[in-house]
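Keep in mind that this is a model prediction, so the values were computed, not measured. Just so it is clear: chains get the letters A, B, ... in the order the sequence lines come, proteins before strands, and each one is counted from 1.
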Amino acid sequence: MKYDVIIGCEVHVQLSTKSKAFCTCRNVFGGEPNSRVCPVCLGLPGSLPVPNKEHIRSAIKAGRALGCSIAPLTKFDRKNYMYPDLPKAYQISQYDMPICNNGMLTVFTQEGTRDIRILRIHMEEDTGKNIHADDGSHESYVDYNRSGTPLLEIVSEPDMRSPAEAAAFVMSIHEIMQYLEISDCNMEEGSLRCDANINLWVYEEEKKYATPIVEIKNMNSFKAIQAALEYEVQRQADEWQNHRLTREAAGKSTRGWNEASGKTILQRTKEEEADYRYFPEPDLKPLSISADLIQSIEKTIGELPKEKRERFMHQLGLSETDTIVLTTEKAFADYFEQILTHYPNPKKTANWLLGEVKKYLNAGNISISDFRTTPAHIAELLLLQESGKISGKMAKDVFIKMAATGKAAQEIVSAEGLSQISDRGELEKIVIEVIAANPGSADDYRNGKLQAIKFLMGQVMKASKGKANPQEAEKLLSEKLSS
Amino acid sequence: MIDDKTFNAVLGLCRFSISGTEQEHFKNQIGDIISYVEKLKEIDTSHIDPDLGKTITVNDLRDDAPGESLIRTKLEELSPHFENGFFRVPQIIEEMEEKK
């Protein structure tokens, strides 16, 4: 069976504005149910929405970062449907005049690169949350805290040709939104959600058949996106072989990804567009967007992941692997660059961050923004090591103490008397004592048993309580033994 | 007038179910409303510019500043089905049996 996989994605991004999209209720995650609701986001009669400037600014920022053109005139529309988490029975969204149009995002996978066209980005509001009662009462509980949260919906053209490409697309959107600092992009909390439309083009006897389009929902991680779509490719291929249903004959359906069973499950038949009865939102005036506003927002975009990676590799001379790990999270990349302002050695800094620091953060499941040690403290530690004041081994121990207490490197080094002995005079004294106390090993070395120096070095480290600078000490030892 | 197919589609979208005897009654009422609104079609709008921005005001926006929300006791007053901080509503079944 010969076929192409056709995938388009819709990514919903919850914006981290201070207030909701059309009312002044606070916009944060979670909290006591229905503790952030008001007549507007509960859809009470007589209440009127007022758009949030920051919603519009974020949309323009995202649009420009994805190469979209910004509509000089845009408006909100009502999307009507009945569902308990939608208290007005319509969602304020945008229909035929979205704020952003025609962008492009290039994604990278093992299969190569592909340009994915962005059809549009529009502004809308999030719904409340239903929690199904499990007491057999056939009732649900609704929490409207999320109702009215500002969203961007980013819609791609059906340009992806594999589940891996779809996952890479969403990953890239996730990264860019995070770099723009308009969303916390926390997928576990639903700040970034993805639905995908998928079908197959089957080639048989020089004819092309399109299988029915399926919209997949409830994919809450990059891994889930890939797994769900891979399952769906197989399911649609099997369906084609068993039933030969085409897109024209069967229309569109919605399936939810079930993580536990690893399957997609049929949900309510999707409404056709006409069923949503879109019409211009009469409670909101259209928006006119000036070129000046667009320009002033463009200035705030800053460096995007792709540009940062190129700079890290070409200007800082870092490897591609290190660069990718350093730049996936903007906060982590910023931390790295802040160290460089005090300690301009990119390779050593990268090694430390990706080694000791990453290990510590991962072990404690700590995010870089919650990390107590400042970039300046890490720089100080690296300088202490480089100047020979502490050894590499000491630096690692000091780091663990710094991370646990938030103290500066020098403070710990002084308090614990950790500094390394590099002074020639001081080291010489220790070395002469060790040679005198171990004449047998010294003779062995002089008689050509070079391994004996290892034992003597151990004695030097012991006598100096681990503080001797090992390189200097070994140099002195061989000097003294050969003289 | 409204045909049976459209009428039933509208009922479905509104999640309404009405008895057989009421069907004709409401169908006639909706038919009346539609023919009343259809009068608008008689107006010649060909000379009116559909561009929204030229004749009406735009950009009624607010700053992104949070304010007060409603307090719990107010919500309890508003809804007869408010329980443990939640609104109670009839359950919607999301997942259906796979049709074979």
Side-chain angles (χ1 to χ4, degrees), chain A residues 17-20 23-27 32-39 41-42 44 50-57 72-73 75 80-85 87 89 97 128 130-133 137-144 256 258 265-269 271 275 277 280 284-289, chain B residues 2 5-17 30 34 37 40 49-100:
Chain A
T17 53
K18 296 186 186 83
S19 61
K20 290 186 179 180
C23 63
T24 61
C25 286
R26 278 184 308 117
N27 173 31
E32 281 285 298
N34 294 302
S35 58
R36 296 186 307 277
V37 293
C38 73
C41 56
L42 284 176
L44 300 188
V50 187
N52 182 342
K53 278 180 191 166
E54 215 43 49
H55 194 180
I56 291 139
R57 293 182 66 90
L73 185 73
K75 67 173 169 79
N80 299 277
Y81 64 94
M82 291 284 201
Y83 205 71
D85 60 14
M97 294 169 67
N130 282 332
I131 296 144
H132 298 297
S137 63
H138 298 290
E139 286 188 315
S140 293
Y141 295 104
V142 197
D143 173 10
Y144 290 113
N258 186 315
I265 291 156
L266 187 68
Q267 297 185 335
R268 76 189 149 94
T269 316
E271 270 107 345
D275 294 342
R277 295 150 288 150
L284 293 169
K285 290 175 181 172
L287 305 168
S288 155
I289 295 166
Chain B
I2 179 167
K5 196 180 158 209
T6 312
F7 181 65
N8 287 324
V10 171
L11 286 182
L13 288 172
C14 299
R15 311 285 189 265
F16 280 162
S17 63
I30 291 176
I34 291 173
V37 175
L40 286 172
D49 186 350
D51 189 344
L52 290 157
K54 286 180 183 160
T55 49
I56 49 175
T57 59
V58 292
N59 295 9
D60 228 347
L61 306 172
R62 66 178 171 83
D63 288 328
D64 182 25
E68 293 296 307
S69 296
L70 289 177
I71 53 168
R72 172 70 56 92
T73 47
K74 190 74 196 163
L75 297 176
E76 281 161 354
E77 273 172 43
L78 283 170
S79 171
H81 307 293
F82 196 79
E83 204 180 295
N84 299 326
F86 290 96
F87 294 94
R88 281 201 86 147
V89 297
Q91 194 173 65
I92 306 282
I93 306 291
E94 268 280 2
E95 290 182 1
M96 304 190 316
E97 289 292 309
E98 186 108 16
K99 282 177 223 151
K100 278 285 168 194

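To the nearest 0.5 Å, atom CZ of residue B/F86 and atom CG of residue A/N130 are 10.5 Å apart. To the nearest 0.5 Å, atom CD of residue B/E68 and atom CZ of residue A/R26 are 9.0 Å apart. Here A/C23 contributes atom SG and B/R62 contributes atom CZ; the two are 6.5 Å apart, rounded to the nearest 0.5 Å. Interatomic distance, CG of B/L70 versus SG of A/C41, reported as 8.0 Å (0.5 Å rounding). Summarising the geometry, atom NZ belonging to B/K74 is positioned 15.5 Å from atom CG belonging to A/N34; distances are rounded to the nearest 0.5 Å.
In this structure, no portion of B/I71 lies under 4.5 Å from any heavy atom of chain A. A/P72 does not touch chain B: none of its heavy atoms, backbone or side chain, sits under 4.5 Å away. Of the two parts of A/I289, neither the backbone nor the side chain holds a non-hydrogen atom closer than 4.5 Å to a non-hydrogen atom of chain B. Proximity to chain B is absent for every atom of A/L284, based on heavy atoms less than 4.5 angstrom apart.
The side-chain contact (heavy atoms from CB on, under 4.5 Å) check on B/S17 picks up nothing, with sequence neighbours excluded. Shown here are the salt bridge (Lys or Arg N to Asp or Glu O under 4.0 Å) partners of B/R88, two or more places apart in sequence or in another chain: A/D135, A/E139, B/E83.
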Derivation and outcome, side-chain contact (heavy atoms from CB on, under 4.5 Å), residues A/L287 and B/L61
CA-CA 9 Å; A/L287 305 168; B/L61 306 172; 3.6 Å; yes

Applying side-chain contact (heavy atoms from CB on, under 4.5 Å), run through B/D64 and A/S19 and close with a yes or a no.
CA-CA 6 Å; B/D64 182 25; A/S19 61; 2.6 Å; yes

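Between A/L42 and B/L75, the closest heavy-atom pair is CD1-CD2, 3.7 Å. Across all non-hydrogen atoms, the minimal contact from A/P84 to B/P90 is CG-O, 4.4 Å. The two residues A/K18 and B/P66 have their closest heavy-atom pair at CB-CD, 3.9 Å.
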